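Every chain is numbered from 1, with letters handed out A, B, ... down the list of sequences. All values below were derived from every heavy atom in this structure, side-chain atoms included, with hydrogens, water molecules and symmetry-related copies excluded. A quick note: this is a predicted structure, and the numbers were derived from the prediction, not measured.
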Amino acid sequence: MATLTEAPPPPAPAAPEKAPPRRRGRRTPYWLLLPGILWLVVFFAAPMVYQASTSVQTGSLEEGYEVTWHFATYWDALSAYWPQFLRSVAYAASATVLCLLLGYPLAYLIAFRAGRWRNLIMILVIAPFFTSFLIRTLAWKTILADGGPVVDALGTLHVLDVTGRLGWTSGDRVLATPLAVVCGLTYNFLPFMILPLYTSLERIDGRLHEAAGDLYAKPSTVFRKVTFPLSMPGVVSGTLLTFIPATGDYVNASLLGSADTGMIGNVIQSQFLRVLDYPTAAALSFLLMAAILAMVTLYIRRSGTEELV
Amino acid sequence: MEQYEPEPLSPARAAAVRRSFGCGRAAPTRRSLLRASAGGALAAGALGALTGCGIPAAGRTEGGVSAEDRSEEEKQVRFSNWTEYMDVDDSGRRHPTLEAFTERTGVKVTYTEDINDNSEFFGKIQPQLAAGQETGRDIVVVTDWLAARLIRLGWVQKLDPANLPHAFANLTPQFRSPDWDPGRAYSYPWQGISAVIAYNKKALDGIEVTSVSDLLDDPKLKGRVGFLTEMRDTVGMMLLDMGKDPARFSDDDYDAAVDRLQKGVDRGQIRRFTGNDYTSDLSKGDLAACLAWAGDVVQLKADNPDIDFVIPDSGYVTSSDNLLIPNKARHKTNAERLIDYYYEPGPAAELAAYINFVCPVDGVKDELAKIDEDAANNPLIIPDRAMQAGSHSFRSLSAKEETAYEEKFAKLTGA
């Protein structure tokens, strides 16, 4: 265990080299924090406490709900709905990987090669946000319609045979299959991947590339040794911004999926609204939160927090 | 773990530490503040808070809870309805029947289309009703099972028959006495909804579909049939197909019906469970055949001649959307007058001509024929004798049954 004295001094923020602030200013940080803290209490802490309470209650609408510390709800929920948990993680992870594969080249292009088209391409990336999430997802039902040009092309190229064997599609359709759900997730969260990637790529000093070239690095080596490592903060925040909301998403699964592509978000929604089993729904929400928190912590530990800044 | 022994601090270091409490590392930082507030507050308050936020039992009172009726002073009524469930004029913004009501009675109608889904709407109004507050609505329109639940919970008000002479006289016998509201003490139907089988002729390509079994068993329809997310319609049609009566069935019958549907899901026969969105899938041909609501089919057929419907020999499930007055509504009398107004043949016919669902009002046929001859002869709007004979309703469920059945159905639909 490291002792206190051995701890390296943290990189101090550029402290003003003046005398310590006057006494009067001491409370200022608290006052400045107040709006933020109030916001957190009202819109984060209070609902969390309420949900936590709901998850250990038992009862019905007729008899009311009472806190009975019935923790078995958590176990029951997990054992009933673990397939949906796994499916959510798998879909979200696939969508995140796809977003990275699609988003990185595009962000790279915008940052280094777009020249005067840069702003235009950026606007094109953000433009879909100007219409509703729902409308954009519904549009995919037309794009991927059975017998439509996309599905026909995929069928002719025998792509559907391959994906069908992998269990991603069934027969000669794409809609109402896992593939459609993953595609929908990828499409909807792609900008969340591109924007942070672009920001961190754009910050890279072009002279570093030149220097690497001067040292006889091939373009592929420059990318591997210079560009990609320097863009890691963007990769980490991009994957987080994509993966976290994608795991809890239920719109894509309900519009583009079928009965066997239900994600955990769909379960929580139907437990809350249809079955009216509020405790199970609350317990599932907490389990989802815990699962995401655990995965994200692991991920950040492995990729290094300092790169997130 | 080895013992941690603090080294004595040198004087300079000690001074630095003291200083740091004021404005250095130990000064309030985001982290220390969060730790202090989160740790302290949570530890102290969490237990109390957690136990403190149960949901009170539904305040059951016979006949509902009324507020002071301000119908006389405030000449208005606030009406919450589903989208596209009211006649509109050519401009698309005005509702002729509502305007005629205002003209006649002087009561202004605040009409809001804020209901999209029964479950969601229940989620929206449940907190207020459970807490005994008013919802800001004088009339709401919800489907049978939710109406039954609201009545069961005591969250809606008993209607005053004196204000409803037309409604009492003109209500079609088919809708007179549902088991969840005998004699219509709390509710009057807005429109009836029949679940039928709709198909797209082009997509079927000669395959004949006449029953729910055809939907589930024909291998040529694999992945191209849809069922409804509305549990009572889907399971009700399945029960009928299996020779059971949805008005009298047991737990075992229910399980058998769900099992049969589950096999369809497992084999990939059923493409999706849909809400209203089956309409676009059906007209595109992604769904070759599906369970559908008759009112939609009338509309779809008008736009796309390939769409048609069939009523299975085993019969079909009819439900209704009902007008209810929630607890503490401020304008109860005005609301009752509005309900009664829509049971006069004139306004009822105007409405039926526009929205094409089953009209629950007797004596509308002649009025409707004046507006639209085809609609008056369409058995989906004004049911003829044969149509009425095939109609079945889903029995009302106890709270326990409802939870158990919805849970099984949710599993079936993949959520």
Side-chain angles (χ1 to χ4, degrees), chain A residues 1 3-5 10 20-21 26 29-30 33 37 41 45-46 49-50 52-54 56-57 59-67 80 84 138 141-142 145-148 170-171 173 175-176 250 253-255 257-263 265-278, chain B residues 1-2 4 6-7 19 22-23 25 27-28 30 33 37-38 41-42 45-46 49-58 60 117 119-120 122-123 126 130 149 152-153 222-224 231 265-266 268 270-273 277 280-281 284-286 399-400 402-403 406-407 409-415:
Chain A
M1 196 186 212
T3 61
L4 259 180
T5 47
R26 271 216 196 155
Y30 295 101
L33 274 174
I37 287 184
V41 167
V49 171
Y50 186 79
S53 161
T54 306
V56 290
Q57 292 173 1
S60 69
L61 268 181
E62 269 88 353
E63 291 140 23
Y65 286 89
E66 261 177 53
V67 175
Q84 278 89 344
L138 282 172
K141 290 185 74 167
T142 311
D146 296 12
S170 66
R173 69 184 155 101
L175 275 186
Y250 69 94
S254 63
L255 292 180
S258 71
D260 49 14
T261 64
M263 292 172 68
N266 302 82
V267 176
I268 295 174
Q269 188 231 19
S270 85
Q271 290 289 324
F272 252 118
L273 293 176
R274 292 193 170 273
V275 185
L276 300 184
D277 188 346
Y278 301 133
Chain B
M1 198 192 271
E2 67 184 271
Y4 169 67
E7 294 172 33
R19 208 167 50 238
C23 52
R25 288 185 63 193
R30 188 171 68 111
L33 267 180
S37 60
L42 276 185
L50 283 183
T51 33
C53 41
I55 299 170
R60 266 204 66 89
D117 179 285
S119 313
E120 234 163 68
F122 181 74
Q126 180 252 327
R149 186 193 289 166
R152 199 173 67 215
L153 290 167
K222 187 176 176 212
R224 292 160 68 210
M231 183 262 278
V265 170
D266 295 343
I270 297 176
R271 184 191 182 95
R272 286 180 68 211
F273 288 86
D277 48 335
S280 65
D281 289 12
K284 274 187 300 204
D286 284 359
K400 264 217 179 76
E402 192 164 39
T403 309
E406 286 287 1
E407 173 108 43
F409 190 70
K411 279 239 169 73
L412 169 72
T413 58

**OP:** Could you have a look at A:Lys141, A:Gln84, A:Met263 and say which one has the most heavy-atom pairs with chain B under 4.5 angstrom?
**Re:** A:Lys141

Original post:
Tell me, side chain or backbone of A:Leu175 under 4.5 Å from chain B's heavy atoms, or both, or neither?
Top reply: both

Original post:
Has B:Lys284 got more than 12 heavy atoms of other residues, nucleotides or ligands less than 6.0 Å from its NZ?
Top reply: yes

Original post:
Quick one: are B:Arg149 and A:Leu276 in side-chain contact, heavy atoms under 4.5 Å?
Top reply: yes

**OP:** Examine whether an atom of B:Lys411 lies under 4.5 Å from a heavy atom of chain A, and if so say whether it belongs to the side chain, the backbone or both; otherwise answer neither.
**Re:** side chain

**OP:** Examine whether an atom of B:Asp117 lies under 4.5 Å from a heavy atom of chain A, and if so say whether it belongs to the side chain, the backbone or both; otherwise answer neither.
**Re:** side chain

Original post:
Could you state the interatomic distance from CG (B:Asp281) to OG1 (A:Thr142), rounded to the nearest 0.5 Å?
Top reply: 9.0 Å

Original post:
Closest approach of A:Val275 and B:Ala410, non-hydrogen atoms and distance?
Top reply: CG2-CB, 4.2 Å

Subject >> Engaged part of A:Arg274 at the chain B interface, taking heavy atoms whose separation is under 4.5 Å >> reply: both

Subject >> Main-chain N/O of A:Asp146 paired with B:Asp286 side-chain donor or acceptor, under 3.5 Å >> reply: yes

Original post:
Highest number of heavy-atom pairs under 4.5 Å with chain B: which of A:Leu273, A:Asp277, A:Val267?
Top reply: A:Leu273

**OP:** Mind ranking B:Met231, B:Arg271, B:Glu407 by heavy-atom pairs under 4.5 Å with chain A and telling me who comes out on top?
**Re:** B:Arg271

Original post:
Distance from A:Ser254 atom OG to B:Arg272 atom CZ, nearest 0.5 Å?
Top reply: 7.5 Å

Original post:
Relative to chain A, which segment of B:Thr403 carries a heavy atom at a distance below 4.5 Å: side chain, backbone, both, or neither?
Top reply: both

**OP:** Give a yes or no on this: more than 12 heavy atoms of other residues, nucleotides or ligands lie within 6.0 Å of atom OH of A:Tyr250.
**Re:** no

**OP:** Side chain from CB out, backbone as N, CA, C, O: work out which of these in A:Ile268 comes under 4.5 Å of a heavy atom of chain B, or both, or neither.
**Re:** neither

**OP:** Compare every heavy atom of B:Leu412 with every heavy atom of A:Ala259, then report the nearest pair and how far apart it is.
**Re:** CB-O, 3.7 Å

